[in-house]
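Taking it in order: structure first as structure tokens, then the write-up.
These numbers come from the heavy atoms of this one structure, side chains and all, not from hydrogens, waters or symmetry mates. Just so you know, these numbers come straight off a predicted model, no measurement behind them. Residue numbers begin at 1 in each chain, while the letters A, B, ... track the order of the sequences.
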Amino acid sequence: MSGEKIKAIYGTRDILPVEADIWRKIVTAVSKTADEYNYGFIHTPIFEATELFSRGIGEASDVVTKEMYTFRDQGDRSLTLRPEGTASVVRSYIEHSMGSRQGLVKVWYAGPMFRQERPQAGRFRQFYQFGFEAIGSLDPSIDAEIIAANYNIMESLGIDDKKLYVNSIGMPEERKSHKKAFSDFIKPILDEFCVDCKKRFMTNPLRMFDCKREECIALLKDAPVMFDYLSAENRKHFDTVCEFLNHAGISYELDKKMVRGLDYYTRTAWEIKCDKLGSQDAISGGGRYDLLVEQLGGKPTPGIGFAAGIERVMLAMPEKEPEGSRKNFGFFIVVRDSRYKKDAFGLVMKIRKLGLPADMDYLGRSLKAQMKQADKSGFCYSIILAEDEMARGKAVLRNMVDSRQFEIELNGLLKVKNAIQLGEMIGRK
RNA sequence: GUGGAUGUAGCUCAGUUUGGUUAGAGCGCUAGGUUGUGGCCCUGGAGGCCGUGGGUUCGAGUCCCAUCAUCCACCCCA
């Protein structure tokens with residue numbers, strides 16, 4: 001009856017300590033870059049009014065039409081688990097009138113996002129993203145800064161097989177005239193495309209550029225691209241962004257066929273891909289959203305940002321060195337006889353109070369097992385409480401790296417006031 | 001939502017083709033070899049509703065059907 005195992009929901013997963021360690025390293029690196037670039041951290045709620053996303057991301061987008069976790073609360077309000085971070089940040093920006101307090105608002109976030117898609121490699125229903133947003137400037141220099149931040153984070157995480165692609169997808173009017181030219185180009189040859197592309201042509205024609213079939217790619221070789229329909233002004237904006245990137249020594253590639261999935265994107269768009277990831281190779285993507293603030297009820301304000309998928313970043317990161325030989329400063333207390341357990345406990349507490357890691361056996365295991373555990377704990381010292389030494393008020397300090405060991409004064413150890421004294425006591429012998 | 005693959009020990013998997021006593025290996029866990037000490041080696045031990053339900057059969061991990069779950073790919077996205 002009660003034996004049914006409850007498992008994590010399809011598309012969600014536990015991040016166990018070994019993995020969480022890498023996770024923490026990533027967020028620490030992101031946080032460091034954010035500090036360097038002067039972006040402040042922002043927490044927004046994990047669920048929001050459904051309307052925020054339908055209005056922000058686009059009523060017709062895939063994310064909104066079929067991928068959101070939407071539910072009603074006790075007040076019969078329609079709420080949605082956030083599928084992405086930008087809409088919430090912009091909502092917060094408007095709600096707190098951040099724009100009137102400072103000209104340019106630079107923030108970053110990290111946390112879980114939710115999309116009801118079919119899971120596969122590098123894709124989950126609850127997944128984690130971090131992202132940067134800069135709201136309030138249309139100057140090309142901010143484009144370059146935030147792209148640089150994005151790129152530098154990936155660099156600092158040691159991701160080598162990455163490529164930065166940039167493009168400009170213009171503004172609605174430009175897109176309109178391009179769309180017409182594109183349709184005129186496709187219509188006569190539409191029959192030659194695959195079924196998916198035909199479907200795309202009806203719903204979101206530019207998506208045809210994403211098709212992986214050789215035949216479709218060949219047919220699109222000379223198709224008009226948005227980039228060639230940019231206004232002089234926007235073209236200049238993009239060129240200036242590129243100049244800034246060149247100046248900063250950031251290598252990128254112009255990808256005129258790059259398309260964005262979310263409706264709010266305008267002008268500058270970019271993507272970082274990692275070719276060893278397989279099908280889901282985009283680890284990070286971003287762009288301008290110059291109409292979004294207004295769309296969500298704020299004053300017309302340009303914005304720009306990016307988001308990166310932490311799971312994908314993890315897949316792209318180089319294999320970490322096998323743990324084993326790695327030892328951290330810390331102490332594992334071992335007792336030769338159970339009557340010393342209280343002494344061990346007191347010692348552990350004492351060392352922790354000094355601000356240092358310490359642990360002991362809580363399973364009443366044999367000496368051999370305790371030593372094994374000491375080894376696995378990754379601490380570089382064990383302290384063994386043994387009969388002969390204890391009788392003389394001493395304990396055995398064993399170096400778990402080079403196996404040298406010697407006696408130390410147990411009383412002295414308990415009287416140590418800080419980590420430096422402890423270090424000296426250990427170092428003296 | 002569509003297509004393909006896979007479910008056997010905590011983990012990675014063998015065994016399924018050709019049904020036949022108590023279902024295996026490596027790693028991990030645990031106790032010992034070492035009467036005072038981890039890593040290497042050796043020996044023992046624990047740990048399995050063979051995903052679930054039904055069917056065929058004297059007999060099913062193995063064959064058939066259903067179902068659930070997971071993975072990969074498409075779609076889309078980070």
Side-chain angles (χ1 to χ4, degrees), chain A residues 3-5 7-13 16 18 57 61-67 83-86 110 112-131 150 154 194-197 199-200 203-204 207 210-213 259-262 265 270-274 277-287 305-316 324-325 327 332 334-337 361 363-390 396-405:
Chain A
E4 273 294 291
K5 269 192 209 163
K7 296 198 289 182
I9 301 300
Y10 188 42
T12 72
R13 64 199 198 100
L16 304 180
V18 178
I57 299 170
S61 66
D62 275 46
V63 171
V64 170
T65 53
K66 50 189 197 195
E67 293 174 4
E84 60 105 42
T86 302
M113 306 294 164
F114 306 84
R115 287 182 203 170
Q116 222 168 140
E117 305 175 89
R118 189 65 67 94
Q120 68 183 73
R123 184 161 75 196
F124 303 91
R125 290 186 162 184
Q126 172 170 341
F127 59 104
Y128 292 81
Q129 287 190 333
F130 60 83
N150 190 352
M154 300 309 163
C194 69
V195 247
D196 284 331
C197 276
K199 229 183 288 170
R200 288 190 186 105
T203 55
N204 189 353
R207 280 272 153 216
D210 286 346
C211 190
K212 283 156 190 159
R213 280 170 44 107
V259 185
R260 298 273 64 191
L262 279 50
Y265 284 116
W270 72 96
E271 218 160 73
I272 295 178
K273 288 187 181 181
C274 176
L277 247 54
S279 180
Q280 309 300 321
D281 59 352
I283 54 178
S284 184
F306 71 84
I310 295 184
E311 288 86 352
R312 291 186 190 178
V313 167
M314 266 170 80
L315 289 175
S325 54
K327 296 273 187 199
F332 196 95
V334 169
V335 295
R336 269 204 41 81
D337 188 295
D361 164 62
L363 294 172
R365 294 199 272 202
S366 68
L367 178 66
K368 180 173 179 163
Q370 290 181 60
M371 288 306 293
K372 269 185 151 176
Q373 205 185 338
D375 189 33
K376 268 187 297 188
S377 72
F379 294 151
C380 55
Y381 291 106
S382 60
I383 295 173
I384 305 161
L385 305 186
E387 297 85 343
D388 290 357
E389 288 80 2
M390 288 296 276
V396 177
L397 177 77
R398 182 176 174 86
N399 184 319
M400 297 303 279
V401 179
D402 60 19
S403 300
R404 288 187 312 155
Q405 65 180 45

Watson-Crick or G-U stems of RNA chain B, 3 or more pairs, under 3.5 Å, by first number: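 Only these stems qualify: B:1-7 with B:68-74, B:10-13 with B:24-27, B:29-33 with B:41-45, B:51-55 with B:63-67.
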
Hey, is the main chain of A/Pro83 close enough, under 3.5 Å, to the side chain of A/Arg115 for a donor-acceptor pair?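 Yes.
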
Which part of the nucleic acid, if any, lies within reach of [X] when heavy atoms closer than 4.0 Å are counted: base, sugar-phosphate only, or nothing?
| X | answer |
| --- | --- |
| A/Lys368 | base |
| A/Val334 | nothing |
| A/Ser403 | base |
| A/Glu271 | nothing |
| A/Arg260 | sugar-phosphate |
| A/Tyr128 | nothing |

What is the distance, to the nearest angstrom, from the [atom1] atom on [X] to the [atom2] atom on [N]?
| X | N | atom1 | atom2 | result |
| --- | --- | --- | --- | --- |
| A/Asp388 | B/U35 | CG | P | 14 Å |
| A/Glu311 | B/C71 | CD | P | 13 Å |
| A/Gln405 | B/G39 | CD | P | 14 Å |

Where does the angle between the aromatic ring planes of A/Phe332 and A/Phe379 fall among parallel (under 30°), tilted (30 to 60°) and perpendicular (over 60°)?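 Geometry flag for A/Phe379 against A/Phe332: tilted rings.
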
Think A/Arg336 has a side-chain N or O under 4.0 angstrom from the OP1 or OP2 of B/G36?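 Yes, within the criterion.
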
Can you tell me how far CZ of A/Phe127 sits from CZ of A/Arg13, rounded to the nearest 0.5 angstrom?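 One gets 12.5 Å once the value is rounded to the nearest 0.5 Å.
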
If stacking means aromatic ring centre less than 5.5 angstrom from the base's six-membered ring centre, planes under 30°, is A/Phe127 stacked on B/A78?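 It does: the ring sits over the base of B/A78.
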
Within residues 114-124 of chain A, which residues have any heavy atom lying less than 4.0 Å from an atom of RNA chain B?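 A/Arg115, A/Glu117, A/Arg118, A/Gln120, A/Ala121, A/Gly122, A/Arg123, A/Phe124 - these, ordered by number, are the residues of the stretch whose heavy atoms sit under 4.0 Å from the strand.
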
